[in-house]
Colleague: 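The structure under discussion is supplied below as structure tokens; questions concerning it will follow.
Keep in mind that the numbers below use all heavy atoms, side chains included, and drop hydrogens, waters and symmetry copies. As the structure lists them, so they are numbered: ligands from 1, and atoms in each ligand from 1.
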Amino acid sequence: MNKNQLFRRALESGTLMTAMAAHNPLAAKLAEQAGFDAVWGSGFELSASYAVPDANILSSGVHLGMMRAIASVVSVPLIADIDTGFGNAVNVSYVVPQYEAAGASAVVMEDKTFPKDTSLRADGRQELVRIEEFQGKIGAAVDSRCDKDFAVIARTEALIAGLGQVEAVKRALAYEEAGADAILIHSKQKTPDEILAFINAWSGKIPLVLVPTAYPQLTEADIAALGKVSIVIYGNHAVRAAVGAMRRVFDQIRKDGGIREVDKTLPSVRNIISLQGDDAMRRIEANYLR
Ligand code: SPV
Ligand code: MG
């Protein structure tokens with residue numbers, strides 16, 4: 001089975017998949033080694049790694065290039081975060097095949113206006129496009145994919161925009177009707193109540209996807225028990241872990257006036273060389289360098 005078939009089968013199996021965010025191939029490799037089922041090609045993380053806001057400041061080409069680099073080093077499926085699809089349905093028709101060709105197994109597209117503002121920021125500027133317009137964008141995504149196993153996940157930001165449950169459910173059902181393979185329902189409430197109410201009200205046939213950053217108390221066991229969720233995405237834990245670790249080490253080196261103390265706390269250079277794929281290069285060397 002190829003990655004797309006694997007992802008499609010898992011999506012439809014009713015079991016919970018876990019996806020860890022990555023902003024570069026190294027993070028994706030570490031996520032795979034840790035046992036996550038998939039990699040989340042997070043726009044938030046990539047923006048953070050460029051130190052710019054998650055607001056379509058980076059071009060689709062920058063994100064696409066990173067997705068290609070990530071997909072080329074991991075064997076688990078990659079779910080690419082294409083934000084709003086970089087424009088209207090015409091833009092979506094052009095970018096979706098590019099993400100497919102880059103090695104992603106799915107895209108997640110959200111129903112906000114382009115350019116977007118990031119979802120979890122307090123007082124973010126959250127404006128949604130009309131339901132019909134987003135249905136057209138889903139149709140464009142579905143019809144422009146080459147492989148029917150490549151998944152199109154529609155994301156509604158109705159709860160993020162404060163529009164309430166009725167609007168969120170109405171949008172999600174409309175997106176299912178338009179051909180989406182799953183619905184990502186996002187919330188920034190500090191408790192899971194809002195998400196649990198949505199899941200309870202969900203009468204669609206396609207599975208749900210959650211990003212529990214704001215309500216971390218909801219565990220994988222809790223989510224699996226709900227029965228309607230097929231993917232849990234950990235949206236920004238790679239970049240937050242990296243920021244925390246770098247800060248600690250950099251501060252320690254400044255405090256100590258050198259690297260003697262931190263050196264023993266860090267992964268070895270040998271470990272990094274191994275993550276670079278050194279074994280594969282040595283095999284090529286042995287076979288072909290003459
Ligand atoms: C991302 O990781 O880019 C996401 C999830 O879209 S969030 O940042 O929570 O909107
Ligand atoms: Mg995003």
Colleague: Counting only heavy atoms not in K255 (residues, nucleotides, ligands), do more than 12 fall under 6.0 Å from its NZ?
Modeller: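 12 or below, so no.
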
Colleague: Checking the side chain of N91 only, and the main-chain atoms of N88 only, is there a donor and an acceptor separated by less than 3.5 Å?
Modeller: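 Here the side-chain-to-backbone pair exists.
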
Colleague: When the aromatic ring centroids of F134 and Y175 are compared, is their separation below 6.0 Å?
Modeller: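 Centroid separation for F134 and Y175: below 6.0 Å.
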
Colleague: Ring centres under 6.0 Å, that's the criterion: do Y99 and H63 meet it?
Modeller: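 Ring-ring flag for Y99/H63: true, centres closer than 6.0 Å.
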
Colleague: List the protein residues in contact with ligand 1, where contact means a heavy-atom separation under 4.0 angstrom.
Modeller: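 Residue list for ligand 1: W40, S42, G43, F44, D81, S119, L120, R155, H186, G235.
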
Colleague: Specify which N/O/S atom of D81 comes nearest to the Mg ion (ligand 2), by atom name.
Modeller: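 In D81, the heteroatom (N, O or S) nearest the Mg ion (ligand 2) is OD2.
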
Colleague: Would you call E285-R282 a salt bridge at under 4.0 Å N-O?
Modeller: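 Judged by the 4.0 Å cut-off on N to carboxylate O distance, E285 and R282 do form a salt bridge.
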
Colleague: Indicate the atoms forming the closest heavy-atom contact of N4 with S105, along with that distance.
Modeller: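 Closest approach of N4 to S105: OD1-OG, 2.8 Å.
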
